[in-house]
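Reviewing the structure listed below.
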Amino acid sequence: MLEIQLPDGSIVQHPDNASPLSVAESIGSRLAKAVIAAKVGDQVIDATRPLHAFAGKGPIPLRLLTEKDPEALGVLRHSCAHVMARAIMRLFPNVSLAFGPTINNGFYYDFDVPKKLSEDDFAAIEAEMAKIVEKGEPFEQFSLNREQAIELCSDMKQALKVEHIQTGLASHDSLGFYRQGEFVDLCRGPHIPDASRIKAFKVMSVAGSYWKGDASGKQLQRVYGTAWFSQKDMQSYLDQVEEAKKRDHRVIGKKLGLFQISAEVGQGMCLWLPKGARIRSLLEDFLRKEMLKRGYEPVYSPHLGRVELYETSGHFPYYRDSQFPPLFVSDAGALVDAWIRRLEDPKGLQDVHETAFLQSAEVLGCELKGYDKASPAADRIAILQQWQRQHERYLVKPMNCPHHAQIFKAAPRSYKQLPLRLFEFGTVYRFEQTGELNGMLRVRGLTQDDAHIFCTQDQVEQEFRNTIELTRLVLESVGLKDYRVQLSLRDPKSDKYVGSEENWQKAEAALRRVLTESGLNFSAAEGEAAFYGPKADFMVRDCIGRQWQLGTVQLDYNLPERFQLEYVGADNKTHRPVMIHRAPFGSMERFVGMLTEHFAGAFPMWLAPEQIRICPLSEKSNDYAVELEKRFTDAGFRVTTDLRGAKVQAKIRDAQLELIPYMAVVGPREAETQSIALRDRISGELGTMPVTEVLELLGTEVRERRIRQVAENKLAAVTEEPQEVAENEY
RNA sequence: GCUGCUGUAGCUCAGUGGUAGAGCACUUCCUUGGUAAGGAAGAGGUCAUGGGUUCAAGUCCCAUCAGCAGCUCCA
């Protein structure tokens, strides 16, 4: 007999061949029908899995999972991935299966299949899946040893699975399979008892992927799907997907005239149109003011820096591929640079190439003394590098830190001057891969709200505390209240880190202490730190539940070392400062792009590019409207007047569509009494009130940075916790 | 960068080898109104760019550029 402990603490006896399903059966047949899977301790298992495998000391802690449990949805989706794979194998010949895990809100399955799948095939796939679901065959688990497993997969012509058993699963003696009808798949599970539990599913999209993520490897086709316990849940999800699409900052940005990316300027180069630029400058002004209050000092640095600067910082040539190529002041610069790289990797290089190089160099006026006498490649490279150092090369700056480090070095520093906090809205350029560019969220030219704090090790804790406080203020000022902090610490077993053991320990303890006392929701991730220092990233959830990584605070022990930064301590000896990089917004592009989606374009009063639209009833009231516009403008509001000869309904409609927070409707009655019929974009008519009252009302809303529009969204409820790709594959 | 899809008026899009289209926006005129579209007329295009096939190309083919989706990447 097995002793099983149920969640209520009660212990029940069951025969040795008991499974979660039979346990459920003994409680009630309705429960048995509702069981999706079960949990023994922390492990989710099939409802049909015999429980004797878990017998050991004491009773088996069993929890039956029904559709009310969040874990059950993952099990359902993974099973649905099998159903989809089965349907696709029925419809198309020569399907080789790769992996089919669950993901946030659904699942995918990767296939190697000769037929090019497209949206046109989805209906057929769904119809075939529906047949499988309707038949409701059980998912049956079985295990094989390595030889049997390889033989089975070979027999089924599943070459990828064979390869995976031989490579990825080389250490496994026993391999799990699931059978459902004619469909057999190498899989760790768990699965739902039978296919009829799938109540709602949809094939969502198809895309390319690679076998084991290797871009040089075989290209596979990935079919995405989603599955739910009810049509209603699925519909809410589909609605949310729609909502996210409607909020796309690229669509809204175009419609509202916030920004533009022009192919003629270049890909990934964002042009801030007046309205987008207004939002950005409001955010910058806000942050600048807060930083000045906190002892930061503004600095400016140029957009170029000599390549040697980045060689010192270590960013060149290490990140060369993700930087814009160097600018050479000398004609021969690019040639010499290219030739050094050929010499460093001389595969296929011939003597005639060298002759050609020397001739070209001569034509371009490049004298290389002693080059032809130098024999090992290393010597020739040294001569070329010597030449390079004598001829200017610049990089468009990929980051501001080296410049700020130079500013620190501009004068001898005493401990009395620390912390030195230098800030700059610094524009940097990164040569992102074309496929990574995405509206404002991923661009090639971006402006960081960058600052570098140079301080003593003992000041790290207080500076970190202040930075966290500033970041929180920034996020909450735009209504982002749902966030957590990921603290990235070093892997204590690794030796890849720079900086002393003692400093790391002190710093990590300090960061942890600050986060703990701040009451923030934070999680520590060991091994995630950069080699140069620990960092804290703010993970922010927007109002439809999507997660964004925004602000960051990073400690740096590396650059102070590389740039030989020093200050004189109270002991009259030189010491190395710690450098803290921090950016509450991250980048202005990304932050405004994210905010656009968060607000769906309806910016709060304090950020709205246009706050009030004055709508005169007819041209007879235009004079009063213009007079009002001046009063509002003088009071610091952003306001325009709609003087078209259109009906007021049309003016209001346009203002509503432009998401302007307030409309001031004025006709002869208002002109007579110096009043305004105020209309709120969200709640409609607010009635007629004196101009002074409107000024006061709206002024307060701006001053308090009131956010009113976000709470409206009800869709947040359907979004689940984000989850990593589920581990139901080996 | 890889794979696939897309590129027609300011915007959203229709146009399957035979004279370049619609709605919205824009301009002008009429209308002078009370909280989400009053009416009429007009203007606007080297159909992304460069080649090719054809009597004939927006339409078919190739290349390039750009956008989108996914993959890979993000100091």
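Letters A, B, ... mirror the listed sequences (proteins, then strands); counts begin at 1. None of these values were measured; they are calculated from a predicted model.
- Distance CG (A:L220) to C1' (B:C71): 10 Å, rounded to an integer number of Å.
- Following rounding to the nearest Å, A:H249 (NE2) and B:G67 (P) show an atom-to-atom distance of 13 Å.
- Between A:F316 and A:Y310, the distance separating the two ring centers is not shorter than 6.0 angstrom.
- Backbone-only contact: A:Y224 has heavy atoms under 4.0 Å from sugar-phosphate atoms and none from a base.
- Residue A:Q267 is classed as a sugar-phosphate contact, given heavy-atom separations below 4.0 Å to backbone atoms only.
- In the set B:C11, B:G1, B:G34, B:G34 carries the atom at the smallest distance from any side-chain atom of A:R669.
- When both distances must be under 3.5 Å, the Watson-Crick or G-U wobble mate of B:G50 is B:C62.
- Both A:G268 and A:I652 lie near RNA chain B, and the one whose nearest nucleotide falls closer to the 5' end is A:I652.
- Under the Watson-Crick or G-U wobble criterion, with both distances below 3.5 Å, B:U28 is paired with B:A40.
- No contact: A:P616 has no heavy atom under 4.0 Å from any strand.
- For the OP1/OP2 pair of B:A69 and a distance below 4.0 Å, the side-chain nitrogens and oxygens of A:Y108 include no atom meeting the criterion.
- Residue contacts for A:E670: at a heavy-atom cut-off of 4.0 Å it reaches a base atom on one of the strands shown.
- Judged by atom type and distance alone, A:Q656 does not reach the base of B:U35 through any side-chain donor-acceptor pair under 3.5 Å.
- Side-chain proximity of A:K647 to B:G33, B:A75, B:A66: nearest is B:G33.
- When each of A:Q406, A:M399, A:H404 is tested with A:P402 by the rule side chain to side chain contact (heavy atoms under 4.5 Å, CB included), just one qualifies, namely A:M399.
- For A:R77 and A:F107, the positive end is not near the middle of the six-membered ring at less than 6.0 Å and at most 45° from its axis.
- If you measure from atom NZ of A:K651 to atom C1' of B:U32, you get 10 Å, rounded to the nearest angstrom.
- The side chain of A:R250 sits closest to B:C68 out of B:C68, B:A75, B:G38.
- Remark: the A:R644 side chain and the B:C26 base include no donor-acceptor N/O pair separated by less than 3.5 Å.
- If you take NE2 of A:H315 and P of B:A75, they are 10 Å apart, rounded to a whole angstrom.
- Between A:R681 and B:U35 there is no side-chain N or O to OP1 or OP2 distance below 4.0 Å.
- A straight line from CD of A:Q649 to P of B:G34 spans 6 Å, rounded to a whole angstrom.
- Electrostatic pairing of A:D337 and A:R341 counts as a salt bridge here, judged by a charged N lying under 4.0 Å from a carboxylate O.
- For B:G70, the paired nucleotide is B:C2, the pair qualifying as Watson-Crick or G-U wobble because both relevant distances are below 3.5 Å.
- Counting heavy-atom neighbours within 6.0 Å of A:K409 NZ, excluding the residue itself, gives a total above 12.
- Annotation: of the two residues near RNA chain B, A:K254 and A:G439, the 5′-most nearest-nucleotide partner is A:K254.
- The distance between atom CG of A:N438 and atom P of B:G67, rounded to the nearest whole Å, is 11 Å.
- Base pairing of B:G45: no nucleotide in any strand meets the Watson-Crick or G-U wobble criterion (both distances under 3.5 Å).
- At a cut-off of 3.5 angstrom, counting only N and O atoms as typed in the model, there is no donor on one side facing an acceptor on the other between the side-chain of A:E685 and the base of B:G34.
- Summarising the base pairing, B:C11 is matched to B:G23 through a Watson-Crick or G-U wobble pair whose two defining distances lie under 3.5 Å.
- Judged by the 6.0 Å distance and 45° axis criteria, A:R444 is not positioned over the aromatic ring of A:Y429.
- More than 12 non-hydrogen atoms from other residues, nucleotides or ligands lie less than 6.0 angstrom from CZ of A:R576.
- Closest to the A:V648 side chain, of the nucleotides B:U35, B:A37, B:U72, is B:U35.
- A straight line from CG of A:D110 to C1' of B:U72 spans 13 Å, rounded to a whole angstrom.
- Between A:K620 and B:G33, a side-chain N or O to OP1/OP2 separation shorter than 4.0 Å is present.
- Here B:A75 sits opposite no nucleotide as a Watson-Crick or G-U wobble pair (both hydrogen-bonding atom distances under 3.5 Å).
- Here A:R679 lies in heavy-atom contact (under 4.0 Å) with a base.
- Within the 4.0 angstrom heavy-atom criterion, no nucleotide atom of any strand lies near A:Q448.
- A salt bridge links A:K397 to A:E424: one of the charged nitrogens lies within less than 4.0 Å of a carboxylate oxygen.
- In the set B:A75, B:G1, B:C71, the nucleotide with an atom closest to the side chain of A:Q433 is B:G1.
- Comparing B:U49 with B:G7, their C1' atoms are spaced 11 Å from each other, to the whole Å.
- Of all nucleotides listed (B:U32, B:G38, B:A66), B:U32 comes nearest to the side chain of A:E619.
- Across all strands shown, A:A677 has heavy atoms under 4.0 Å from base atoms, whether or not it also approaches the sugar-phosphate.
- Distance from the side chain of A:A650 is smallest to B:A37 among B:G34, B:A75, B:A37.
- In this structure, A:E264 places its CD atom 11 Å from C1' of B:U49, rounding to the nearest Å.
- Distances shorter than 4.0 Å separate some side-chain N or O of A:T434 from OP1 or OP2 on B:G1.
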